[in-house]
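One structure is given below, encoded as structure tokens.
When a ligand or atom number is given, it counts from 1 through the structure's own listing order. For the numbers below, each heavy atom of this structure counts, side chains included, while hydrogens, waters and symmetry mates do not. Counting begins at 1 with the first residue of the sequence.
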Amino acid sequence: MRRNTVFATVLATVLILGMVEARPKKVHQGVKKRSVDLNEVYSMIGQSRLPKEIRPLSYYLELQPFIKEGTFKGRVKIGITWVDTTDRITLNVHPNLQISHSDVRVTQLAPSKPEEAKNSSIHGVNVARTERHAKRPWYIIHLEQMLKAGSSCEVDITFSGNMTVNATEGLFRNRYTDSSGQQHLFVATYLRPNHAHKLFPCFDEPAYKATFQLSVTRPKGYTARSNTRVRKTEEAPGDSDTVWDHFEVTPEMSSYQLALVISDFESIKPSIPVNEKDGTNLDINIWSRKEYLETLKAVPDKIVAIVNYYQEYFNCSIILPKLDIMAIPMYSTSKPSDSWGLIFFKESELSNDGFWHIAHEIVFQWIGQLRTPFWWSDAPLNEALNSYLTSMATLEISPDELEGKWPMNALYSLYYEFGKRFPFSRVNGIRQDATASKTELIFRMFNYTLGKDVVQRSVRKFIRDQWEENSKTFFADDIFTYLNNAANESGKLMEGLTLNDIAATWITRDRLPLVTVTRDYETGNVTFSQEVYLRDRPQDPVERGKYSWDIPIVMVTQDKLDFSETTPKLWLSKDGDRQVTIKDVTKEDSFIIVNPEEIGMFPVNYDSCNWKMLAEFLQGPEREKIPVLSRAKLLHDAWNLAYAGDLCAAVALNMTLFMKNEKSHVVWEPVFAMIYHIGRQIEGSYVYLKFEAYVRTLLKPIYQIVGETPQQGEPSWKTHLRGLTKNFLCRAGYEPCVQEAREQYKKWMVNEEPDAGNPVANEFLCPVFKWGTNDEWEFGLKRVINFPQNCLERKQYERTYLLKTLAGCPKDASKIEKLLVETVLGTNSNFTDADIHLIFSTLTGSATGYTTLFNFLADYWDMIKLKFKDKKHLWDGIVNSATSSFNTQEGYDMVSELYVSRQGEFETADTIIEKALKSIQEETQWSEKNLPVIDAWLKEHLPKEDLDAIEAANATTTPTPPALAG
Ligand SMILES: *[C@@H]1O[C@H](CO)[C@@H](O)[C@H](O)[C@H]1NC(C)=O
Ligand SMILES: *[C@@H]1O[C@H](CO)[C@@H](O)[C@H](O)[C@H]1NC(C)=O
Ligand SMILES: *[C@@H]1O[C@H](CO)[C@@H](O)[C@H](O)[C@H]1NC(C)=O
Ligand SMILES: *[C@@H]1O[C@H](CO)[C@@H](O)[C@H](O)[C@H]1NC(C)=O
């Protein structure tokens, strides 16, 4: 079920050596959202639109696909009405669709207003000429006379074209091979977002809704399926192998919603009933090639469960009487695949476990098919709402499936990205995904703050009303208007707020707020203040006051620990004061939790006394009275605030103490991110060995609980948690793990043909290169150098991974220096510029790495400059990687000394080093403030044997100067 490649949380990236920035991605437990392809949608927003003078009412479409030949013929009669006076008809027609002038006929129909009917009758309208627009896919029919608004015509056009055989687009043909080796052809349509005009002349924009009546020919022995049922089948005149299928007329819909499949697939039906809705029991059929049906046997009943859930939730059927679900062989597209009444899946997707990904396609039958976004700019909201509704449905139908990953994975990624100095500066493409995730979480926020029933009522009304009022498209804002109306009726919304405005502040900004809660235990007042949440340094103080939001303040108090009450006590308002003081809501010896369950997308800071009460309670026997999401939030907020410099590190460390009793993976998840981020920040300093020792103390108990070896059929969170625990223990030098890694690695070293393949699992490489011998490391380096070229069995990414590990893992400088001499100064042509760049950026991940790189740059200055004379990006790359990651005064002194002594020689990299100096300064402030605190805390909490061992180790190796040890 989980395609983990897609779901890159912080931790997934940490596992790939932790060199990559955390970034928000599609995070629904790895399921790609397919029904709206945001990239596609955004590319459509600026498309040129058809003139608005006329609009279609109906299509009669006849199609004759010649499957073997890969061509088709067709004829369409479009009923059109005049909105404005004009003498031309503009249609979308793809340049490859053939139409000859003589094929076009226009007939005027009886006018819609009866009083005008007296004077006119149905008659032909002469076509003056037709033309294709030079730049746009437009076909323009010029009439000999002007027609007035209110006139109606039928345009009759015959056309022909070629099927697509190399892509999934328009009317495409593909084939599959059965177990006896016989090939089977099939054809299907893919008309999103505007490929309908590749198949027939039409108004190919979503807002032009019309009815469709489709007739197609098919070979006998094949089946044709479309949006509606087959009304009638008849023999094709003069062709005994072919029949015509005439489909029932569809409800009004957009051109891209039309769908057709002609195949020899077979079908199965559910064994449980679909509940009756709107007077029908939806007829559900699951189709696939015959040999795959067995694999799909659990699918029909799953679909019934989902359909029943949504019918009830929306209190509405899908309007159509049938729903066909098709597993399309060789369906390689990752694009949306749903049409009204007919949904396509990849075979493997449909046979997967789980409900989420199927439910996510099916929910579009209501919002997305029955009602469609007006224009493509309205589609992302559709996607966000549906993702939200899918997760809610999954929690209900199959509660264990999300394993606590929703909404945390998406949310944490958003916190990291929006807390950056310049969000999305590195990877711009993900902004759209992040915005979609954010919008989805806004629906979740409203679900808590307004109540489930209010949200459900407004969604129901949103679908039902508009269906009855005959306006079947919606704008992004409409849904919030519906929510707003329902909220006002319920009296749950504070005066002066509208949900549209609230949503807008959250959706449009690339920032999130931080709420600080300060309790005054003397006066019995509590103050809430909001500012922009910034996590990474350097921070611009002005930035903190740049925006404000409408923020719901939901609170739980220790004396009442009721997490079911989620109505906000108050809203911080974007237009009001940044700071609001109210009478405290509980006694002074009772803590409060603000924003439990991550109801709103914001971290919360407290005064130290409230933090202390929280930490103590969490270490006590009643810990689990705070639900997992809230436990995770408290921990996650605490250490991220410490990382940002907004909270004393000792408070954050106190918040980890309860983990020794913690068994929930949901609460563990942020711990690994903390070890990674805080670890990076303090690596190379005098506290680091103590920190590693603490990590081992922290993780050993949970490692024992999950067990070292996987059990058959265990839940995937357990496998994931074991993997993370082991990985982090290994990095922290946990002896059993290092040994195992070295034993595994030995197999490779004794292999007679070590370059034929790598028998060692990736997870073992880093511990060996970090804790193992020089010989082991050198052996690895040889494998990179001798990596076979053009060998099918061995993939380049194996080599890349090995190289990254060789550079990123060692903790002794000599290995890294050797690597640099070999790759940068050496004449070994095995290393490309890309390799060298990769090594540089990898070295920024560890203090040993960037310090060694810095020394290398300083020592071999002239040689390196000469070497990179014509390679500006490598020169800039080495200066950047060698200087920008320091975070102590010593580092600052080293870098500024180089800067001064080589003044004027940095050339293009001049601004890079200046920027680096500035950021080191900020990081140094953090280190000076926090390292002594962390050191003192660790000294107090580590067992004496550990402290003694660290003392001894420090005495034997060159110690990092403990200049700051207080
Ligand atoms: C359709 O395919 C035929 C045969 O390959 C080719 O001659 C013709 O130009 C194609 N038509 C279009 C419109 O691409
Ligand atoms: C498919 O073939 C057509 C015509 O040969 C070509 O223009 C188009 O780029 C091809 N598309 C793909 C995805 O290969
Ligand atoms: C805060 O406490 C002071 C002293 O008890 C009181 O006078 C004041 O009204 C309180 N403010 C609010 C907003 O409750
Ligand atoms: C951490 O917890 C200990 C024990 O509860 C407490 O004495 C100490 O004051 C706490 N430290 C901070 C900074 O809150």
Side-chain angles (χ1 to χ4, degrees), residues 64-74 93-100 103 132 137 139 157-167 169-173 187 195 197-201 517-529 553 555 558 569-570 572 576-589 591-592 605-621 623 634-635 637-639 641-642 645-661 694 698 929-942 966:
Q64 290 178 272
F66 304 103
I67 301 178
K68 283 205 192 74
E69 294 79 3
T71 60
F72 62 88
K73 282 199 323 209
V93 174
H94 193 274
N96 287 350
L97 202 64
Q98 302 290 315
I99 299 172
S100 60
D103 291 338
R132 288 189 189 251
Y139 186 78
I157 306 176
T158 45
F159 52 88
S160 61
N162 291 341
M163 293 176 188
T164 319
V165 294
N166 58 353
E169 235 172 60
L171 185 68
F172 66 91
R173 187 186 71 183
V187 295
H195 293 313
H197 70 285
K198 289 189 171 158
L199 179 58
F200 62 102
V517 181
T518 317
R519 300 172 69 191
D520 183 333
Y521 299 87
E522 304 244 299
T523 61
N525 285 345
V526 56
T527 302
F528 303 89
S529 61
I553 301 292
M555 284 189 266
Q558 183 174 1
K569 288 268 185 324
L570 70 149
L572 299 184
D577 294 334
R578 288 186 162 271
Q579 200 161 308
V580 174
T581 303
I582 61 165
K583 201 97 208 90
D584 205 341
V585 287
T586 183
K587 304 184 302 263
E588 63 179 34
D589 59 351
F591 61 71
I592 60 179
N605 201 351
Y606 304 94
D607 57 87
S608 57
C609 198
N610 199 63
W611 276 122
K612 200 182 272 182
M613 286 190 271
L614 282 165
E616 274 162 18
F617 182 85
L618 282 168
Q619 291 169 64
R623 182 172 57 86
L634 289 168
L635 179 88
D637 282 356
W639 76 257
L641 289 164
D646 290 331
L647 180 65
C648 168
V651 176
L653 284 164
N654 266 358
M655 290 297 286
T656 63
L657 287 170
F658 78 93
M659 294 309 292
K660 66 172 174 287
N661 298 315
Y694 181 60
L698 198 60
K929 191 167 128 208
N930 289 285
L931 290 184
V933 177
I934 297 173
D935 195 50
W937 191 93
L938 289 169
K939 274 187 183 143
E940 198 175 313
H941 288 86
L942 280 177

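Residues P201 and F159 are in side-chain contact: their nearest non-hydrogen atoms beyond the backbone lie under 4.5 Å apart. Side-chain atoms of V187 and F172, non-hydrogen and from C-beta on, never get closer than 4.5 Å to each other. For the pair R578/S529, no side-chain contact is recorded, criterion being any heavy-atom separation below 4.5 Å from C-beta on.
A salt bridge does not link D607 with R519: every distance from a Lys NZ or Arg NE/NH1/NH2 to an Asp or Glu carboxylate oxygen is 4.0 Å or more.
Heavy-atom proximity to Q98, at under 4.0 Å, picks out these atoms of ligand 1: 13 (C). Residue T581 has at least one heavy-atom neighbour below 4.0 Å for each of these atoms of ligand 3: 13 (C).
If you check the side chains of T518 and T527, you find no donor sitting under 3.5 Å from an acceptor.
Residue N162 has at least one nitrogen or oxygen atom sitting less than 3.5 Å from a nitrogen or oxygen atom of ligand 1, judged on distance alone.
A perpendicular orientation is assigned to the rings of Y694 and W937, their planes being inclined by more than 60° (bins at 30° and 60°).
Taking Q64 as the reference, F66, K73, T217, W244 meet the side chain to side chain contact (heavy atoms under 4.5 Å, CB included) condition, with sequence neighbours excluded.
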Would you mind writing out a table of all protein N or O atoms found under 3.5 Å from any N or O atom of ligand 4, naming both atoms and giving the distance to 0.1 Å?
from, atom 1, to, atom 2, distance (Å)
ligand 4, 2 (O), N654, OD1, 3.2
ligand 4, 2 (O), N654, ND2, 2.3
ligand 4, 5 (O), E616, OE2, 3.4
ligand 4, 9 (O), K612, NZ, 3.2
ligand 4, 11 (N), N654, ND2, 2.8

